Amino acid sequence: MSQDSQISADSARHSKASFSSWVELMGSMRFAISLLVIISVASVIGTVIPQNRPENTYIDQFGPFWFEVLGKFSVWSIYNSIWFIVIMAFLVISTSICLTRNTPKMIRDMQSFREHVRGSSLKAFHHKVALSTPRAFDDSQAAIESYLKTQGYAYKVRQETDGCLIAAKRGSGNRFGYIAAHSAVVLVCIGGLLDSELPVRMQVWLLGKTPIVENMLIADVPQSGRLSVDNPSFRANLFIPEGGTRSNAVVDVGDAALVQPLPFQLTLNRFIVDYYATGMPSRFASEVTVKDPDTGETFDRTIEVNYPLRYKGVTVYQSSFDDGGSNIELLAFPLTGSTSAPLEVTKRVGESRTLPLGDTGRALQLEVTGLRPINVEDLSTGVPVRASVIEHVASVTGTAAGRRARDLQNLGPSVEYQIIDDSGQAQLFHNYMMPVMLDGDLVVLAGVAIDNSEEFRYLRIPADQSGTAGEFLDLRAALENPETRQLAAQRFAQNNAPPGMDGRALEISAQRALDTYAQGGLSALSNVLEASVPPEEMQRAADVIVRLLGSTMSELRAIARERAGLAPIDPTEPENIRWVQLSVAALSDLQFYPAPMLMAMTSFDLVQASVFQVSRAPGMWIVYLGCLLLTLGIFAMFYVRDRRVWVWLKKDAEQGQTQVLAAMTSQKRNLDFNREFERFEQALERLNKRKE
């Protein structure tokens with residue numbers, strides 16, 4: 001053999017050995033258990049940490065550092081992460097190799113009676129019986145076979161010249177349990193992979209599909225951004241407003257999306273939502289018309305939670321509901337300058353509009369992002385806390401109805417909008433249309449999103465007699481006007497100066513307090529006190545300033561009401577005193593309100609929309625089959641006991657007896673097995689008591 005041939009042979013043997021080692025590792029139990037441990041830990045994490053939420057939610061919860069660290073491992077979408085899918089694939093390979101190697105041996109063992117065992121081997125068994133019986137050989141054999149048959153054993157007889165071997169078995173289906181359980185793991189993993197993002201990602205990797213990142217109309221999406229209508233597996237979202245028709249859904253791929261054509265058209269005729277007395281949704285459903293473009297067939301169907309539509313292998317679930325482009329009328333009240341005249345704005349949800357910012361030449365972009373006709377909030381903490389989606393879904397099934405009825409309250413319609421400044425920075429707002437009773441005060445709530453998340457902080461604006469923020473905004477405009485502040489200080493001095501005393505000093509103090517408050521709110525007054533008043537006099541000075549500011553603001557309110565043509569009021573009445581106190585606090589907080597205008601919704605024309613989840617999930621039936629096999633396999637492993645019996649019968653012509661040597665074994669030699677062996681031993685001993 002030449003040197004090159006020897007090298008090639010050695011290389012082939014090395015490759016074969018490496019492949020055999022790889023197969024041995026993949027098919028080993030320790031490797032499969034390691035994969036199962038990793039999958040179990042990942043599943044625990046995926047259960048504890050809510051999946052597929054907005055990034056801001058995770059940043060607020062874990063902080064920017066841990067958000068970046070955990071994001072490297074796709075913790076926010078574990079079940080569709082590459083590493084999780086790869087581990088699942090390796091588990092399928094490992095378990096399949098194990099099945100391929102062991103199943104034929106197990107089947108052969110299940111079918112075999114092991115009738116070739118020798119008599120000397122039975123003496124080594126722990127559970128054995130050896131005796132001599134005066135019964136004839138044929139009678140002994142018939143009696144033993146009869147006993148085994150009544151006990152449910154299958155047996156096989158091997159005849160010898162001087163006797164015979166009876167090999168019996170029972171519970172061979174125990175081996176089926178191992179095969180079924182391992183097959184179930186493979187099927188469940190394959191089903192999970194088919195229903196994951198893997199089929200779509202494979203089309204992106206191998207078929208040149210390109211997820212769309214930019215915002216565009218579905219009609220403008222190129223063919224590379226569209227999946228096939230015959231796509232074997234997908235999970236997509238479908239948004240349909242009332243009266244709208246859709247035949248394309250959207251599949252999310254990370255931060256991008258692909259268009260998934262549907263084999264039918266879906267028209268939303270009417271969206272239905274019913275509510276509990278608390279305002280929680282008790283039922284929401286969609287009345288739709290389905291049209292098959294291939295046959296022209298149409299039919300009507302109602303889609304509800306737990307009652308999806310199934311047609312042509314596609315399942316349409318009622319996921320949630322949203323605004324379908326309602327028309328909203330708003331008033332934009334300026335929060336700067338000495339005027340309070342609002343700008344009327346008519347908007348459609350989802351549209352944007354440019355608003356001029358006074359005479360500055362600057363402009364803001366206003367975009368109405370949502371309308372909520374019903375707002376069920378938890379007021380137990382004193383501030384609105386929006387009911388979670390889980391509670392809404394639970395209420396449909398009745399589990400949440402009345403559970404927290406005392407804390408939940410319907411606050412009426414609200415509007416969400418964002419204001420984008422000229423630098424492109426956006427801020428999200430959430431304002432209620434109707435006033436709300438909080439802590440005994442009727443207030444108008446204007447919310448500002450914290451870090452643009454779904455958590456809002458609310459400005460409490462005291463409502464006027466009409467239930468609006470109009471009088472408060474007139475008061476704000478009056479406070480911005482220096483001449484009006486001076487007039488309010490003069491009136492305060494005239495009404496409160498002692499008889500015979502010049503009120504000029506009192507007027508100067510009142511105007512100074514108003515000017516300081518107008519420039520920086522209560523914090524500005526606090527800074528002035530800290531800089532000019534000794535610590536021991538601080539409390540007394542603060543009380544004086546608070547009373548002075550309250551009385552001066554009452555005069556300012558009276559002036560604003562006169563200019564608005566409103567009837568005069570008694571400033572000493574408790575409700576008017578309380579209104580001024582709330583206004584002082586709200587005007588101070590207004591210094592931190594991140595918008596130059598306040599939007600108030602006056603009316604709306606509601607258009608509902610349904611949000612559907614559309615899926616084709618062939619893996620679902622595979623998973624169901626896997627669950628069935630797993631159930632049967634576990635039952636077989638735990639409740640079916642494999643037992644084997646061997647009985648050697650030999651003729652003893654000299655003594656006229658039959659020699660009996662028997663043994664019993666099982667994979668699980670527990671207490672039940674010991675009792676069964678005792679019964680078997682007693683049955684053999686009875687052969688001595690029944691002579692021919």
Side-chain angles (χ1 to χ4, degrees), residues 23-44 47 87-115 117 125-128 148-156 167-194 619-646 663-680:
V23 172
E24 183 67 27
L25 172 63
M26 291 292 293
S28 64
M29 180 178 293
R30 64 180 184 276
F31 184 74
I33 291 177
S34 300
L35 295 178
L36 281 173
V37 169
I38 296 174
I39 291 175
S40 300
V41 172
S43 299
V44 170
T47 303
I87 291 175
M88 291 273 287
F90 271 106
L91 182 60
V92 170
I93 296 173
S94 176
T95 311
S96 298
I97 292 175
C98 181
L99 276 172
T100 303
R101 287 179 7 183
N102 297 320
T103 298
K105 293 187 293 185
M106 289 185 177
I107 293 176
R108 286 195 299 268
D109 186 67
M110 291 168 58
Q111 296 174 342
S112 173
F113 285 88
R114 302 181 189 176
E115 68 274 17
V117 65
F125 281 70
H126 182 269
H127 295 79
K128 60 181 181 295
L148 293 175
K149 186 179 297 184
T150 57
Q151 296 299 313
Y153 283 87
Y155 62 89
K156 187 174 183 180
K169 63 185 178 69
R170 179 184 176 188
S172 297
N174 176 269
R175 295 286 185 178
F176 168 77
Y178 292 93
I179 298 173
H182 285 74
S183 301
V185 173
V186 174
L187 291 175
V188 170
C189 290
I190 291 176
L193 290 173
L194 286 177
M620 176 180 65
W621 300 107
I622 299 177
V623 171
Y624 288 164
L625 177 60
C627 292
L628 176 62
L629 284 179
L630 183 62
T631 303
L632 296 176
I634 292 176
F635 180 86
M637 286 190 292
F638 280 94
Y639 296 101
V640 178
R641 292 180 290 115
D642 182 20
R643 287 146 293 174
R644 290 184 178 269
V645 173
W646 295 271
M664 178 182 286
T665 188
S666 176
Q667 289 180 330
K668 298 178 181 179
R669 300 175 186 176
N670 50 23
L671 184 60
D672 290 337
F673 172 74
N674 292 331
R675 291 174 178 172
E676 185 171 355
F677 176 74
E678 290 176 1
R679 292 194 297 269
F680 175 66

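Source: prediction; values computed, not measured.
- What you find for V92 and S96 is that their closest heavy atoms are O-OG, 2.6 Å.
- Under the salt bridge (charged side-chain N to carboxylate O under 4.0 Å, His left out) criterion, no residue pair touches residues 34-43, with sequence neighbours excluded.
- Between atom OG1 of residue T665 and atom NZ of residue K128 there is a gap of 12.0 Å, rounded to the nearest 0.5 Å.
- Here S94 contributes atom OG and I33 contributes atom CD1; the two are 9.5 Å apart, rounded to the nearest 0.5 Å.
- Of all heavy-atom pairs spanning V623 and G192, the tightest one is CG2-N, 4.0 Å.
- Salt bridge status for K169 with D642: absent, with no side-chain N to carboxylate O gap under 4.0 Å.
- What you find for F113 and A154 is that their closest heavy atoms are CE2-O, 3.3 Å.
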#### Entry: Residues R643, Q151; criterion side-chain contact (heavy atoms from CB on, under 4.5 Å); working and verdict
CA-CA 11 Å; R643 287 146 293 174; Q151 296 299 313; over 6 Å; no

### Message
Run D672 and R675 through side-chain contact (heavy atoms from CB on, under 4.5 Å) and show every step you take.
### Response
CA-CA 5 Å; D672 290 337; R675 291 174 178 172; 4.2 Å; yes

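- Proximity of a side-chain donor or acceptor of N174 to a complementary backbone N or O of V640 within less than 3.5 Å is detected.
- Atoms SG and OH, from C627 and Y624 in turn, are 8.5 Å apart once rounded to the nearest 0.5 Å.
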### Query
What do the steps show when you test V188 against L630 for side-chain contact (heavy atoms from CB on, under 4.5 Å), and what is the final call?
CA-CA 9 Å; V188 170; L630 183 62; 6.0 Å; no

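- Summarising the geometry of L35 relative to I87, their closest heavy-atom pair is CD2-CG2, 4.0 Å, with the distance given to 0.1 Å.
- Atom CZ of F90 and atom SG of C189 lie 13.5 Å apart (nearest 0.5 Å).
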### Task
Run the numbers on R114 and W646 for side-chain contact (heavy atoms from CB on, under 4.5 Å), then give the verdict.
CA-CA 9 Å; R114 302 181 189 176; W646 295 271; 4.0 Å; yes

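- Using a 4.5 Å cut-off on side-chain heavy atoms (C-beta onward), Y155 and K149 make contact.
- Applying the salt bridge (charged side-chain N to carboxylate O under 4.0 Å, His left out) definition to pairs two or more places apart or across chains, none involves residues 622-635.
- Residue R175 is tested with Q667, M637, K105 for a side-chain contact (heavy atoms from CB on, under 4.5 Å); the sole match is Q667.
- Within the model, atoms OH of Y153 and CZ of F680 stand 8.0 Å from one another, a figure rounded to the nearest 0.5 Å.
- Here the closest heavy-atom approach between residue A636 and residue G177 is recorded as CB-CA, 3.6 Å.
- In this structure, R101 and E24 have side chains that are in contact, with non-hydrogen atoms separated by less than 4.5 Å.
- Here CG of L628 is found 4.5 Å from CG of L632. Values are rounded to the nearest 0.5 Å.
- At least one side-chain heavy atom of L25 sits less than 4.5 Å from a side-chain heavy atom of R30.
- Considering every non-hydrogen atom in both C98 and H182, the closest pair reads SG-CD2, 4.2 Å.
- Atom NZ of K668 has more than 12 neighbouring heavy atoms from other residues, nucleotides or ligands inside a 6.0 Å radius.
- In this structure, the ring pair (Phe, Tyr, Trp, His ring centres under 6.0 Å) partners of F673, at least two apart in sequence or on a different chain, are H127.
- Judged by distance alone, with hydrogens and angles left aside, the side-chain atoms of S183 form a donor-acceptor pair with the main-chain N or O of I179 at under 3.5 Å.
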